[in-house]
Amino acid sequence: MGKTVNRQELADIFGYSLPTISAWVENGMPVKSHGGRGKQFEFDTEDVLKWLLARERAERKAHTAATLKEGGEEITIDKARLRNEIAKAKLSELELATKMELVRPIEMVAKVLSNEIANARARLLGIPSKLRPAIQLEVGAPEGTKKLVNEVERLILEALNEIKMSADDPVEEEPHGEPPSEPIEQNEEEDDDE
């Protein structure tokens with residue numbers, strides 16, 4: 001139970017004018033006792049405060065419902081509920097697919113792909129050193145061997161650069177035949193051995 005006050009005291013407490021208090025009474029604000037014949041209106045401040053808060057909540061809720069828009073389209077409560085149900089259904093489908101092992105977390109896929117790419121890169125970069133003895137037997141001259149091994153190495157590095165560039169920027173494809181913009185560094189130790 002709050003403090004019992006008259007219209008003027010209520011206006012002073014809440015910081016509104018007497019006409020506003022009268023309008024509130026007409027709009028259903030609780031009145032402890034109605035005035036008339038020399039008797040003043042009486043209000044319970046706690047009841048008035050509860051009424052004002054409930055009114056404010058209702059106005060905010062109505063304002064939010066009326067102005068909630070996405071992409072220029074008004075979102076009604078029914079549309080929001082439908083979207084919520086669709087989202088729940090999609091989540092359930094994803095959970096089922098995960099349990100059935102039809103999908104994998106992206107981190108797992110990325111790790112496996114990264115390992116496979118690293119293994120393929122290492123194997124490709126190992127080709128020139130594996131070819132060196134066979135080329136040496138065929139060519140016979142160390143300069144010719146070095147030249148052919150370097151050419152194989154260059155072609156492998158060019159291919160790896162092309163793959164790297166397309167992975168870094170999958171939207172724009174570079175035309176074939178252009179030299180790579182950032183070459184992968186060659187293993188200089190192999191060149192020094194010859």
Side-chain angles (χ1 to χ4, degrees), residues 53 56-194:
L53 291 173
E56 178 67 23
R57 277 192 298 270
E59 286 176 3
R60 281 189 189 164
K61 190 174 182 179
H63 177 73
T64 301
T67 59
L68 185 61
K69 293 185 179 186
E70 183 177 292
E73 179 186 350
E74 186 174 320
I75 304 296
T76 64
I77 296 296
D78 289 337
K79 285 182 183 177
R81 286 184 182 136
L82 177 63
R83 288 173 66 171
N84 186 39
E85 291 302 316
I86 290 170
K88 284 180 184 176
K90 286 182 178 180
L91 185 59
S92 294
E93 288 174 9
L94 181 59
E95 288 172 355
L96 177 63
T98 302
K99 286 180 182 176
M100 294 176 67
E101 297 183 353
L102 299 174
V103 294
R104 299 280 188 228
I106 192 68
E107 296 83 16
M108 179 189 294
V109 174
K111 185 177 179 180
V112 169
L113 280 176
S114 179
N115 288 341
E116 291 300 318
I117 290 169
N119 289 339
R121 184 178 189 282
R123 291 191 66 190
L124 285 170
L125 290 173
I127 290 173
S129 60
K130 288 181 180 179
L131 284 176
R132 190 177 313 257
I135 293 172
Q136 179 69 39
L137 285 174
E138 288 295 321
V139 175
E143 270 310 305
T145 301
K146 182 177 181 180
K147 193 174 186 179
L148 286 171
V149 169
N150 285 345
E151 179 62 15
V152 169
E153 192 171 64
R154 185 190 68 75
L155 291 171
I156 290 170
L157 290 171
E158 188 177 285
L160 288 172
N161 273 327
E162 195 174 301
I163 292 167
K164 181 183 182 298
M165 286 172 32
S166 67
D168 289 344
D169 191 12
V171 176
E172 295 180 29
E173 287 189 23
E174 299 261 339
H176 295 287
E178 291 186 10
S181 58
E182 2 173 330
I184 299 174
E185 294 180 21
Q186 294 182 358
N187 191 348
E188 293 178 12
E189 292 173 11
E190 287 184 17
D191 292 342
D192 295 340
D193 290 344
E194 296 176 31

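Start at 1 with the first residue, then count along the sequence. None of the values given here were measured: they were computed from a predicted structure.
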**Item:** Residues that E56 engages under side chain to side chain donor-acceptor pair (under 3.5 Å), provided they are two or more places apart
**Value:** R60
**Message:** Applying side chain to side chain donor-acceptor pair (under 3.5 Å), can you list everything that pairs with E151, at least two apart in sequence or on another chain?
**Reply:** R154
**Fill in**
Between the CD atom in E93 and the NZ atom in K88, the distance rounded to the nearest 0.5 Å is 14.5 Å
**Message:** Would you say NZ of K111 has more than 12 non-hydrogen atoms from neighbouring residues, nucleotides or ligands within 6.0 angstrom?
**Reply:** no
**Request:** Report the residues that fulfil side chain to side chain contact (heavy atoms under 4.5 Å, CB included) with L53, sequence neighbours left out, ordered by chain and then residue number.
**Result:** L49, R57
**Request:** Mind checking the CZ-CD spacing from R81 to E85? Nearest 0.5 Å is all I need.
**Result:** 10.0 Å
**Request:** Would you indicate whether the side-chain heavy atoms of T98 and L94 approach each other to under 4.5 Å?
**Result:** yes
**Message:** For the OG1 atom of T145 and the CG atom of L131, what is their distance to the nearest 0.5 Å?
**Reply:** 11.0 Å
**Complete:** Between I156 and P128, the two heavy atoms sitting closest are CD1-CD, 3.8 Å
**Message:** Could you check whether any side-chain heavy atom of L125 comes within less than 4.5 Å of a side-chain heavy atom of L157, counting everything from C-beta outward?
**Reply:** yes
**Message:** If I take atom CG from residue L124 and atom CG from residue N119, how far apart are they, to the nearest 0.5 angstrom?
**Reply:** 11.0 Å
